[in-house]
Peer 1: 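A single structure is presented below for examination.
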Amino acid sequence: MSRQGGVDPMRPRASLRTAVVWEVLRDALDRRAKAADTAVLDVLDTGGGTGNFAVPVARLGHRVTVVDPSPDALFALERRAAEAGVTERVRGVQGDAQGLLDVITPGEYDMVLCHGVLEYVDDAAESIRHVAGALRPAGSLSLLAAGRGGAVLARALAGHFAEAQHALGDPDGRWGSGDSLPRRFTADELTRLVADAGLRAASVHGVRIFADLVPGVLVDTEPGALDALLRLELAAAEEPGFHAVATQLHVLAERG
């Protein structure tokens with residue numbers, strides 16, 4: 001993943017975890033820019049934190065507004081943008097998904113990123129409606145959330161069978177009181193949420209289908225293993241059969 005604005009090639013583990021999302025996101029940005037006949041898009045990253053996605057998107061030449069409730073995260077975002085030389089294209093705003101339309105102008109963005117947010121909000125449906133309200137006509141939403149089936153599989157493979165069964169039957173996909181995530185989703189739940197918000201799900205991808213299950217020592221020491229695993233992740237991501245066991249699920253949704 002060596003293209004400008006992509007995943008840092010010096011962080012192979014990061015590239016493995018985010019490769020699928022970046023492939024979909026870059027393609028969507030390119031298509032939107034061509035359709036709008038502009039090289040610069042307005043992108044909103046809600047819950048964008050320190051800029052893991054926002055800064056690389058800005059390096060592609062787009063203007064990015066990051067909305068996050070944490071002042072510390074926004075300070076780190078500012079520093080990260082400065083180090084990447086994209087300060088003029090990255091703006092941080094304190095806020096959250098529930099009150100999103102109070103801190104940004106509705107209908108102003110070509111693309112909204114909502115990554116790792118729905119797991120924590122009080123009302124997922126309301127948050128998606130707010131996110132959809134930020135989009136311009138023909139705008140796109142990049143939605144990334146934790147997958148329920150991936151947690152079941154991970155707990156079972158770790159030998160925690162009772163926890164795996166609990167996650168399987170729990171309405172929020174939690175494996176127990178010690179679970180750090182308040183909520184997980186299935187692909188059907190995510191596509192239904194975007195549809196209810198007036199958006200059309202253009203694609204669904206499984207993320208980290210194998211990456212979290214393969215022993216790290218194998219990836220780090222076996223020649224060519226990282227590249228091969230990366231290719232496998234990309235190939236399996238679009239297969240619906242693997243969505244049920246993915247650690248995360250990515251939905252690209254469009255308005256109009």
Side-chain angles (χ1 to χ4, degrees), residues 1-2 6-27 47 49 52-53 56 113-120 124 142-191 193 201 203-252:
M1 312 300 292
S2 59
V7 177
D8 186 346
M10 299 305 292
R11 299 174 61 211
R13 289 300 187 141
S15 70
L16 193 58
R17 291 192 299 268
T18 60
V20 170
V21 180
W22 273 115
E23 286 292 316
V24 177
L25 184 57
R26 273 195 300 257
D27 180 64
N52 286 342
F53 282 87
L113 314 185
C114 185
H115 295 171
V117 172
L118 291 192
E119 296 91 330
Y120 299 98
S142 173
L143 176 62
L144 182 67
R148 181 177 303 178
V152 174
L153 182 61
R155 301 315 290 175
L157 291 179
H160 303 299
F161 306 122
E163 292 178 349
Q165 185 172 354
H166 188 282
L168 185 64
D170 187 82
D172 292 320
R174 289 170 53 83
W175 48 258
S177 59
D179 196 336
S180 61
L181 280 185
R183 189 183 300 112
R184 293 181 178 86
F185 299 87
T186 66
D188 286 344
E189 288 170 340
L190 292 178
T191 56
L193 282 170
S203 67
V204 180
H205 290 80
V207 179
R208 291 158 58 188
I209 297 170
F210 307 105
D212 292 349
L213 305 177
V214 175
V217 64
L218 175 67
V219 177
D220 294 335
T221 61
E222 186 71 21
L226 178 63
D227 288 341
L229 181 54
L230 184 56
R231 290 193 297 271
L232 177 61
E233 287 280 350
L234 292 170
E238 293 187 69
E239 295 292 334
F242 287 106
H243 294 168
V245 295
T247 299
Q248 294 177 303
L249 295 164
H250 182 259
V251 177
L252 181 70

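Note that the structure is predicted; figures quoted are calculated from it, not measured.
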Peer 1: Decide, yes or no, whether a salt bridge links D179 with R155 under the criterion of side-chain N to carboxylate O below 4.0 Å.
Peer 2: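 Judged by the 4.0 Å cut-off on N to carboxylate O distance, D179 and R155 do not form a salt bridge.
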Peer 1: Hey, what do you get for CG (D27) to CG (L252), rounding to the nearest 0.5 Å?
Peer 2: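 Atom-to-atom, D27:CG and L252:CG are 8.5 Å apart.
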Peer 1: Heavy atoms only: give me the nearest A164-A156 pair and the separation to one decimal.
Peer 2: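 Closest pair (atom of A164, atom of A156, distance): CB-N, 3.7 Å.
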Peer 1: Can any side-chain N or O of E23 pair as donor or acceptor with the backbone N or O of L234 at less than 3.5 Å?
Peer 2: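 No, E23 side chain to L234 backbone: no donor-acceptor pair under 3.5 Å.
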Peer 1: What are the two closest heavy atoms between V20 and G206, and how far apart are they?
Peer 2: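 Nearest pair, atom of V20 first, then G206: CG1-O, 3.9 Å.
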Peer 1: Closest approach of L168 and V152, non-hydrogen atoms and distance?
Peer 2: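 It is N-CG2, 3.7 Å.
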Peer 1: For the side chain of E233 and the backbone of A19, is there at least one donor-acceptor N/O pair under 3.5 Å apart?
Peer 2: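 No, because the side chain of E233 does not come within donor-acceptor range (under 3.5 Å) of the backbone of A19.
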Peer 1: Test your reading of the model: is there a side-chain donor-acceptor pair from R174 to the backbone of L181, 3.5 Å cut-off?
Peer 2: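 Yes: the side chain of R174 pairs with the backbone of L181.
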Peer 1: Can you tell me if D170 uses its side chain to pair, donor with acceptor, with the backbone of H166 under 3.5 Å?
Peer 2: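 No: the side chain of D170 does not pair with the backbone of H166.
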Peer 1: Give the C-alpha distance, both sets of side-chain angles, the deciding distance and a yes or no for side-chain contact (heavy atoms from CB on, under 4.5 Å) between L190 and L143.
Peer 2: CA-CA 8 Å; L190 292 178; L143 176 62; 4.1 Å; yes
Peer 1: Can you check whether T247 reaches V207 side chain to side chain, under 4.5 Å on heavy atoms?
Peer 2: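 SC-SC contact between T247 and V207 ruled out.
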Peer 1: Might you point out which heavy atoms bring V117 and G47 nearest each other, and give the distance in Å?
Peer 2: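 Closest approach of V117 to G47, heavy atoms only: CG2-CA, 4.0 Å.
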Peer 1: Between S142 and F53, is there a side-chain heavy-atom distance shorter than 4.5 Å?
Peer 2: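 Answer no - side chains too far apart.
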Peer 1: Could you tell me which non-hydrogen atom of V24 sits nearest to which non-hydrogen atom of S203, and how far apart they are?
Peer 2: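 Shortest heavy-atom separation between V24 and S203 comes out as CG1-OG, 4.3 Å.
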Peer 1: Could you check if a side-chain atom of V214 sits within less than 4.5 angstrom of a side-chain atom of L229, using non-hydrogen atoms only?
Peer 2: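 They are in side-chain contact.
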Peer 1: Any side-chain heavy atom of R148 sitting closer than 4.5 Å to one from E189?
Peer 2: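 Result yes, sub-4.5 Å side-chain heavy-atom pair found.
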Peer 1: Can any side-chain N or O of E239 pair as donor or acceptor with the backbone N or O of A237 at less than 3.5 Å?
Peer 2: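 It does not hold such a pair.
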Peer 1: Rounded to the nearest 0.5 Å, what's the gap from CG on D188 to CG on L249? Could you check?
Peer 2: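 D188 atom CG to L249 atom CG measures 10.0 Å (nearest 0.5 Å).
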Peer 1: Would you indicate whether the side-chain heavy atoms of N52 and T18 approach each other to under 4.5 Å?
Peer 2: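 In short, these two side chains do not touch, never coming nearer than 4.5 Å.
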Peer 1: Does the side chain of R183 come within less than 4.5 Å of L118's, by heavy atoms?
Peer 2: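 L118 vs R183: side chains apart.
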Peer 1: Kindly write out the residues that satisfy side chain to side chain donor-acceptor pair (under 3.5 Å) with R208, not counting sequence neighbours, or none if the list is empty.
Peer 2: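 Partners of R208 under the side chain to side chain donor-acceptor pair (under 3.5 Å) test: D212, Q248.
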Peer 1: Identify the two heavy atoms, one from S180 and one from Y120, that lie closest to each other, and give their separation to 0.1 Å.
Peer 2: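 Heavy atoms only, the tightest pair is O-CE2, 4.2 Å.
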Peer 1: Please verify the inter-ring angle class for H115 with H250; under 30° counts as parallel, over 60° as perpendicular, anything in between as tilted.
Peer 2: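 Judged by the thresholds at 30° and 60°, the geometry between H115 and H250 is perpendicular.
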